[in-house]
Amino acid sequence: MQPTHKHYIIPKDFVILHTFCVLQYHCNNISISTTMNYDVVIIGGGHAGCEAATAAANMGARTLLVTMDMNKIAQMSCNPAIGGIAKGQIVREIDALGGQMAIVTDATAIQFRMLNRSKGPAVWSPRAQCDRGKFIWKWRETLDHTPNLDIWQDQAEELLVENGEVTGVRTIWGAEIHAKCVVVTAGTFLNGLLHIGRKQMPGGRIAEPAVHHFTESITRHGIRTARMKTGTPVRIDRRSVHFEDMEVQEGEHDFHQFSFLSPTPPLQQLTCWICYTNPQVHEVLRAGLDDSPLYNGQIQSIGPRYCPSIETKLVTFPEREQHMLFLEPEGENTNEMYLNGFSSSMPMDVQINALRKIKALRDVKVYRPGYAIEYDFFDPTQLKHSLESKIIRGLFFAGQVNGTTGYEEAGGQGTVAGINAAIHCAGGEPFVMRRDESYIGVLIDDLVTKGVDEPYRMFTSRAEYRILLRQDDADARLTERAYQLGLATKQRYDWWMQKKECIDRIVNYCMNAPVKPKEVNGQLEALGTTPLHYGCKAIELIARPQVNLQILADMMPTLKEIISSLPNRKEEICEAAEVLMKYKGYIDRERIIADKMRRLEDIKIKGHFDYKNMQQISIEARQKLEKINPETLAQASRIPGVSPSDINAMLVLMGR
């Protein structure tokens, strides 16, 4: 049954009036009018901001993206790479929802790899190295060609709020932008402070100014803020590297890519390289620890546990004699290279001297040293699952301002915030994803339920239903829902329906096609697997680790004909069908568990309990429940400090 394709567009009469206001502003440029009117305003042009802006605009909301530098849209502040463990799944989900990150990545990729190949498909994770400069301009081209979207180069200074509801923002140049919704995606710029050794300088990124006052204009309304830290490595001139002393890391050249719609990647595919630190490197770094901002008391905030600086690795793992480093190109035609694994805020002379103790980098020249940055973030437990503030109506937060780290986590949040901002303007029901529906749903639920005490990074281990959240089936999980929202295009929806039909045809054939021992035993023995003693269905052979769909097709001419008749992207379709059949038992079992938990998701508890006076539950549970004020019993069950007995007590009190 074909879903209804609807846009959450503002009512027609409002749009006419709204457009008049915008045109009036443009017509009055000569008189320097400083008032603008939009439905949705996005603050920040990073990965969260770009996805939020395109999502809101594509859903019909008149949208303005406010960014400090139009030439650094979607800047890859750290590694110019997209994806990785669990992060790649998020990018696939953004793509299935109609977002842009995957398409931009495929268009600018210079190396692609599928990580975790040696493990099951539940944790396969795509990753691509990109051309940093081309990535920015591809995103800029995307924004420039998005209907309903304008860009304004400026810096937000004050959030405008009336009667507990956002009304817009005021910029440092005096522009007053009125809007029904504001989405804050300011990254690391809010009161950002850069560190290289004992030297400190305000900044949101190297050579870019920090944003002052905007945090304070938000916190005065009761929203809590704190500080976090992140960092980035030295950038190296490839002409000074002895590649003969490094290990080669080639990319993959099969059918895999990020978007379900992208053509073959157009750019030249390049090599990455591997080298290692050694005791001499560690000796130089240890001698400089007194000047390290992380260890001399200069930096008080918490850095990312899972992407530590090189000095943190030395202190945490003193027995290790070497640490692996990856030297990765920044683009097709640049000499700049990124040294992954050597994030540092040590003094620049210490960083360079340490690098020169590595054989391949003995003559190294650098473009700039690594640095650390401290910045403001806002307590995400003060958000709803739609990423709207519980305190200020119409105010949304996405990206690093919510305590996360990573382009992918930011992009996923930006997509959800942009969707919900557009829906909010039209008065619709919020768009919320469950934990068994997407990694983005896991990410947001973790943020608003548990909060953060360090930069949050997504891993497959954070998802209890990761067999259901594979990288190959993001379109199966999300595209139809996105199409009903009006976000996914007709082209995307039609391709998914065609792909779904093809997958079903293969699976149905294998479930019903009989296999006789005499037809396949020769091939099975050649593969080193047990021959059949009696007939079976084809799907039973697929379950064997030695047999894949292509091998089975070679045994069964009818199946081979079905595969040959498939449209474009045969390999992608076959992989999806094979995974569904090979892991059917695991998938079915996990779906049963997820369905049981979903019953708790249906039990709404917000407003039902006076937690302070509930003697039937523990004191810790009372405090945590009062602070979070969860929407459902399932969300309450995931709050640290709320025990199963507390949940049972709440069920009894509700008469369940």
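The cationic group of Arg435 does not satisfy the cation-pi geometry with Tyr465, failing either the under 6.0 Å distance to the six-membered ring centre or the 45° limit from the ring axis. For the pair Arg466 and Tyr439, the cation-pi criterion (under 6.0 Å, within 45° of the ring axis) is not fulfilled.
Using a distance-only test at 3.5 Å, with no hydrogens or angles considered, no donor-acceptor pair links the side chain of Glu454 to the main chain of Gly403. With hydrogens and angles disregarded, a donor-acceptor distance shorter than 3.5 Å links the side chain of Arg92 to the backbone of Gln471.
Every residue two or more places apart in sequence or in another chain was checked for a side-chain hydrogen bond (donor to acceptor under 3.5 Å, both in side chains) with Gln111, and none qualifies. Under the salt bridge (Lys or Arg N to Asp or Glu O under 4.0 Å) criterion, Lys72 pairs with Glu208, sequence neighbours left out. Evaluation of the side-chain hydrogen bond (donor to acceptor under 3.5 Å, both in side chains) rule for Glu571 yields no partner, not counting sequence neighbours.
Using a 4.5 Å cut-off on side-chain heavy atoms (C-beta onward), Leu383 and Glu388 make no contact.
Ion pairing between Arg117 and Asp254 holds under the 4.0 Å rule for side-chain N and carboxylate O. Ion pairing between a basic and an acidic side chain is recognised when a charged N comes within 4.0 Å of a carboxylate O; Glu601 and Arg638 show such pairing.
Checking each of Gln257, Arg113, Met114, Glu252 against Pro126 for a side-chain contact (heavy atoms from CB on, under 4.5 Å) leaves exactly one that passes, namely Met114. Among Asp436, Val442, Ile90, the single residue meeting the side-chain contact (heavy atoms from CB on, under 4.5 Å) criterion with Leu469 is Val442. Residue Val515 is tested with Ile539, Val520, Leu524 for a side-chain contact (heavy atoms from CB on, under 4.5 Å); the sole match is Val520. Checking each of Arg598, Arg477, Arg481 against Glu437 for a salt bridge (Lys or Arg N to Asp or Glu O under 4.0 Å) leaves exactly one that passes, namely Arg481.
Open room surrounds NZ on Lys119; 12 or fewer heavy atoms of other groups in view lie less than 6.0 Å from it. Asn568 CG: 12 or fewer foreign heavy atoms inside a 6.0 Å radius. For CZ of Arg589, the number of neighbouring non-hydrogen atoms (other residues, nucleotides, ligands) closer than 6.0 Å is 12 at most. Within 6.0 Å of CZ in Phe255 there are more than 12 heavy atoms belonging to other residues, nucleotides or ligands. Heavy atoms of other residues, nucleotides or ligands lying less than 6.0 angstrom from NZ of Lys313 number more than 12.
At a cut-off of 3.5 Å, with distance as the only test, no side-chain donor of Gln523 or Asp554 sits close to an acceptor on the other residue. Using modelled atom types and a 3.5 Å distance limit, the side chains of Thr54 and Asn58 yield no donor-acceptor pair. Judged purely by distance below 3.5 Å, without hydrogens or angles, the side chains of Asn420 and Ser386 never pair a donor atom with an acceptor atom. Judged by distance alone, the side chains of Ser259 and Asp95 do bring a donor and an acceptor atom under 3.5 Å apart. Using modelled atom types and a 3.5 Å distance limit, the side chains of His256 and Glu572 yield no donor-acceptor pair. Counting only N and O atoms by type, the side chains of Glu328 and Asn79 include a donor and acceptor under 3.5 Å apart.
Contact detail for Asp472 and Phe260: the closest heavy-atom pair is O-CE2, 4.2 Å.
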* Trace of the salt bridge (Lys or Arg N to Asp or Glu O under 4.0 Å) decision for Asp473 with Arg470 -> CA-CA 6 Å; Asp473 75 338; Arg470 306 180 309 278; 3.6 Å; yes
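In this pair, Phe112 and Phe258 present their aromatic rings perpendicular. The plane angle is above 60°, beyond the 30 to 60° band. Between Tyr483 and Tyr493, the ring planes lie parallel to each other; the angle is under 30°, not in the 30° to 60° tilted range.
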